[in-house]
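Working notes, structure below.
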Amino acid sequence: MKLDDAIAGRRSMREFLPDPVPQGTVHRILEIASRAPSGTNIQPWKVIVVTGDDQAKVTKAIMDYRLEEAKADAPKDTKMPRRWAEPYLSRRRKVGYDMYAKLGIEKGDKPAMWAQHGRNYEFFGAPVGLFFVVDEDLDQASWLDLGMFMQNVMLVAKQEGLDTCPQGAFLHYADLVHAALGLDDTQRLASGMSLGVADMSAPVNSLETERVAVDEFSDFRGF
Ligand SMILES: Cc1cc2nc3c(=O)[nH]c(=O)nc-3n(C[C@H](O)[C@H](O)[C@H](O)COP(=O)(O)O)c2cc1C
């Protein structure tokens, strides 16, 4: 697979088939991904790969909590909503609108949106979940390193015929993830990720997100 094709072909998938992904495949993906650059080669990434009971434990912890939250009407993921400025606000709204349209969820249908958001914690049905953590005392340079590593994971997965969804949603319940995975306070959860064979019959997986033109985010000088 050409690199261009892997990059252009990678999309966040939000419905997976139950087909298992062998441990060896995940190992190979991580091995190649670990060729990512990192400042002074510190390789700050750590990954916890879960399937089966270990994956179900994370899902259960969060889904049980969400049920309690729903009763109390105080979900963790709506606390302290961040204020987004333009142009980011419009871009966020657009992808949300397009995704819910694919799902047939009407604007303002909060119960349906809540349920769909909950699919994050079921890894959208994917058989493998990855949790990316960095040491608590590392700074933003290490988070850049981790981002490059994560992108490699997604591209190599694509090359392997697999798909992914990076998931910041798990950060809403970072304490529950920590407990379920047995992480200590020296570790900080950066992201979750679903990995598996995408269900291409699911309408949500036909979502193709937009990108702004190069000239809108670039400033060429001295050419
Ligand atoms: C750090 C990060 C966190 C994300 N968190 C979530 C998430 O929690 N749930 C989700 O469905 N998508 C999540 N996404 C996927 C983005 O919505 C997606 O990358 C974006 O809309 C562009 O679409 P594409 O990945 O299909 O190109 C995340 C992406 C990144 C990079």
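For ligands, and for the atoms within them, numbers begin at 1 and follow the listed sequence.
Separation of the F170 and F123 ring centroids falls under the 6.0 Å cut-off.
Applying the salt bridge (charged side-chain N to carboxylate O under 4.0 Å, His left out) test to E106 and every residue at least two apart in sequence or in another chain returns nothing.
We find that K158 and D163 are joined by a salt bridge, their nearest charged nitrogen and carboxylate oxygen being less than 4.0 Å apart. Salt bridge present: K71 and E68 bring a charged side-chain N and a carboxylate O closer than 4.0 Å.
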Quiz: residues 12-20 side-chain donor-acceptor pairs under 3.5 angstrom, not counting sequence neighbours:
{"residue": "E15", "atom": "OE2", "partner": "R119", "partner atom": "NH2", "Å": "2.5"}

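In this structure, ligand 1 sits under 4.0 Å from heavy atoms belonging to R10, R11, S12, R14, V95, N120, F124, C165, P166, Q167, G168, A169, T209, R211.
Residue pairs satisfying the side chain to side chain donor-acceptor pair (under 3.5 Å) criterion with at least one member in residues 185-194, sequence neighbours excluded, are listed as follows: D135-Q187, Q167-S194, D184-T186.
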